[in-house]
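Working notes, structure below.
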Amino acid sequence: MISLKSLGLVVIFLVAGCNCNSTSSDNNELDVCEIDTELTCKNLTRGTNCGCVSKGTKAKCCHFKLNLVADYLYNNCGFNELTALYFFNCSSLSQPSISQLDLSPILKKYPNLQTLAFTNSDYNMIKVDPKVGNISNVRCLNVSYNSLDNSTDVANVINSIPSLQLIDVSNNNLSHAPNISGRSDFSLHIANNEFLNCDGIKEQMLENIKFVHPDQTLCRKFVTITQWSKEDTVSLNLSSIASTIMIHKQCPPKCSCSESRIVTEKGENNQNQVSNIAVAVNCSYRHLTKMPESLPTYTTTLDVSHNNITSLNLNGLKPDSNYDKLNYINANYNEIKTLQTLEGSEFLKAFEYLSLKGNQISKIPHFLEKAVTGTPSGKGQILLSDNKFECNCDTALHMKVWSGHSKIKQNFTTLSFSANVGGAGEAHC
């Protein structure tokens, strides 16, 4: 028997490969099959026969040529019982051109394996014999940093190993998420697949498939971008897709909520473009007396027209009310008497549209002029027709600035005016 010492290898402790204890009450989501950073292969070269280090029932093998590897590990490396096995930068000796990873021999030889990893190895296909997978105890499979490009192959492996609870297929070439059936609460790590399509991901989420690090996982979606009126491919993070599932749960009472458009904006430090799925909330004709207390995540459009709302107070909202992305409000035909409650609100800093037709507004506050002309979007619009404004110098001054008209007509004659940035409306005076 060849010992590790005779191979000139330094034994480094292998602490853990994957945390798959899903029965723990405080572990609601399985962790990724993590690679032990203390284990290094810097003293090993690709092509050596047994490049492995181990501790107890856990082992790591580097630069290995996979030909009868299960028997070799058993006979030559002294690995009789293993619960965790990690291969780094390994290749197929018998079929190097095919680069197919067959899990069956390893799982058959080591039925007590709970964690199995093949990373940084350039495999483009993966398979397992369902008969072998059915008796396996593997709960965590890590095949990240390969060249897997067939999601059906991955799905077949998942569905062939009933014990499997998490698979890491990050950093591969998958264009679609694997179709996982009948595996509620299964965890999938699929980040950094450059051409991953968004199609089918929402359906997987509805089947209670958990995506690891959804905020860091991007998928591609072909859409018409509203801001630019052109068709393009945008990148969505999976968190934004997950939020659409919560739309109806977060929707205010008596209102209806729906996906409205794709919104693209710059990320942190103006780096990269981030796309999100915007939500539209319709609360018109609902006999509301005040604004909804909270909205679904990433709501951009709110229609509260034809109600009995008396105030547009957007300053007293809770931090989690989700008004932060709102840029379009239709509050026509309510009982709003003053706009003073809008002063200092976040909404006025970047709004695009505010319609207040048919209310009881009598004065135009000074801060509105700055709000209309100072919106960074350059699109700020306020519509104020069918309001009975007081005819005084203060009102006239604002309307002169906005409309360019030098005279204000009395007797509630309709006056047309437009804001400097293109907002248009009518007022009675």
Side-chain angles (χ1 to χ4, degrees), residues 29 151 174-180 188-253 255-268 270-284 292-304 317 319-330 346-347 349-353 376-377 379:
E29 182 177 286
S151 60
L174 296 176
S175 59
H176 290 81
N179 185 12
I180 306 169
L188 174 64
H189 189 19
I190 198 169
N192 298 325
N193 281 269
E194 183 179 0
F195 300 104
L196 181 65
N197 197 296
C198 295
D199 294 346
I201 288 180
K202 184 175 181 179
E203 288 72 19
Q204 292 284 278
M205 290 179 174
L206 290 171
E207 292 291 330
N208 292 322
I209 301 301
K210 297 180 180 179
F211 287 82
V212 179
H213 303 311
D215 56 330
Q216 301 172 21
T217 304
L218 298 179
C219 62
R220 296 157 62 93
K221 188 175 182 65
F222 190 74
V223 296
T224 298
I225 301 178
T226 304
Q227 297 100 311
W228 307 317
S229 299
K230 70 173 185 178
E231 293 184 340
D232 201 354
T233 300
V234 299
S235 294
L236 297 173
N237 66 54
L238 301 199
S239 292
S240 65
I241 296 178
S243 68
T244 64
I245 299 175
M246 298 296 294
I247 286 177
H248 298 294
K249 293 182 180 180
Q250 295 177 327
C251 197
C255 303
S256 61
C257 303
S258 61
E259 301 174 25
S260 63
R261 56 193 174 117
I262 300 292
V263 176
T264 301
E265 57 190 7
K266 289 184 178 180
E268 295 183 5
N270 292 326
Q271 298 296 317
N272 301 322
Q273 288 187 338
V274 180
S275 299
N276 290 281
I277 301 174
V279 177
V281 178
N282 186 353
C283 300
S284 61
E293 292 184 359
S294 63
L295 303 171
T297 303
Y298 220 98
T299 296
T300 60
T301 302
L302 175 62
D303 185 349
V304 289
L317 300 168
D320 58 350
S321 59
N322 291 325
Y323 272 77
D324 57 312
K325 300 296 182 181
L326 191 63
N327 57 29
Y328 181 110
I329 295 179
N330 179 355
E346 291 297 316
F347 172 76
K349 294 180 180 180
F351 82 100
E352 295 183 8
Y353 185 90
S377 65
K379 300 178 182 178

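We number each residue from 1, following the sequence as shown. The basis for the numbers below is simple: all heavy atoms, side chains too, and nothing from hydrogens, waters or symmetry mates.
Residues I190 and P178 come closest through the heavy atom pair CD1-CD, 3.9 Å. Across all their heavy atoms, C283 and V304 have their closest contact at CB-CG1, 4.0 Å. A pairwise comparison of heavy atoms in V281 and C255 identifies CG1-CB, 4.2 Å as the closest pair. Looking at every heavy atom in both residues, P296 comes nearest to P252 through CD-CD, 4.2 Å. The minimum heavy-atom distance linking Q204 with I180 is given by the pair OE1-N, 3.0 Å.
The structure places CG of L302 at 11.0 Å from CG of N327, a figure rounded to the nearest 0.5 Å. Expressed to the nearest 0.5 Å, how far CD of E203 lies from CD1 of I241 amounts to 9.5 Å. From S175, atom OG reaches atom CG of N197 across 7.0 Å, with rounding to the nearest 0.5 Å. Atom NZ of K325 and atom CG of L295 lie 14.0 Å apart (nearest 0.5 Å). Rounded to the nearest 0.5 angstrom, S240 OG and I262 CD1 are separated by 7.5 Å. Of the inter-residue distances, the one linking T300 atom OG1 with R261 atom CZ reads 4.5 Å to the nearest 0.5 angstrom.
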Quick one: do T297 and V279 satisfy side chain to side chain contact (heavy atoms under 4.5 Å, CB included)? Show the steps, please. CA-CA 8 Å; T297 303; V279 177; over 6 Å; no
Take I277 and Y298 through the test side chain to side chain contact (heavy atoms under 4.5 Å, CB included) and record every step on the way to the result. CA-CA 7 Å; I277 301 174; Y298 220 98; over 6 Å; no
Step by step, would you call L236 with I201 a side chain to side chain contact (heavy atoms under 4.5 Å, CB included)? CA-CA 11 Å; L236 297 173; I201 288 180; over 6 Å; no
With side chain to side chain contact (heavy atoms under 4.5 Å, CB included) as the test, would you mind laying out the steps for L238 and C219 before giving the verdict? CA-CA 7 Å; L238 301 199; C219 62; 3.8 Å; yes
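Contacts of E194 classified as salt bridge (charged side-chain N to carboxylate O under 4.0 Å, His left out), with partners at least two apart in sequence or in another chain: none. Scored by the salt bridge (charged side-chain N to carboxylate O under 4.0 Å, His left out) test, E293 finds K290 as partners (sequence neighbours excluded).
Within the 4.5 Å cutoff, side-chain heavy atoms of M205 are placed close to those of F211. F347 places a side-chain heavy atom less than 4.5 Å from the side chain of I329. Looking only at side-chain heavy atoms (C-beta outward), S284 and N330 stay at 4.5 Å or farther from each other.
The aromatic rings of Y353 and Y328 sit parallel to each other, their planes meeting at less than 30°, with 60° as the upper class boundary.
In this structure, the side chain of D215 does not engage the main chain of S239 through any donor-acceptor pair within 3.5 Å.
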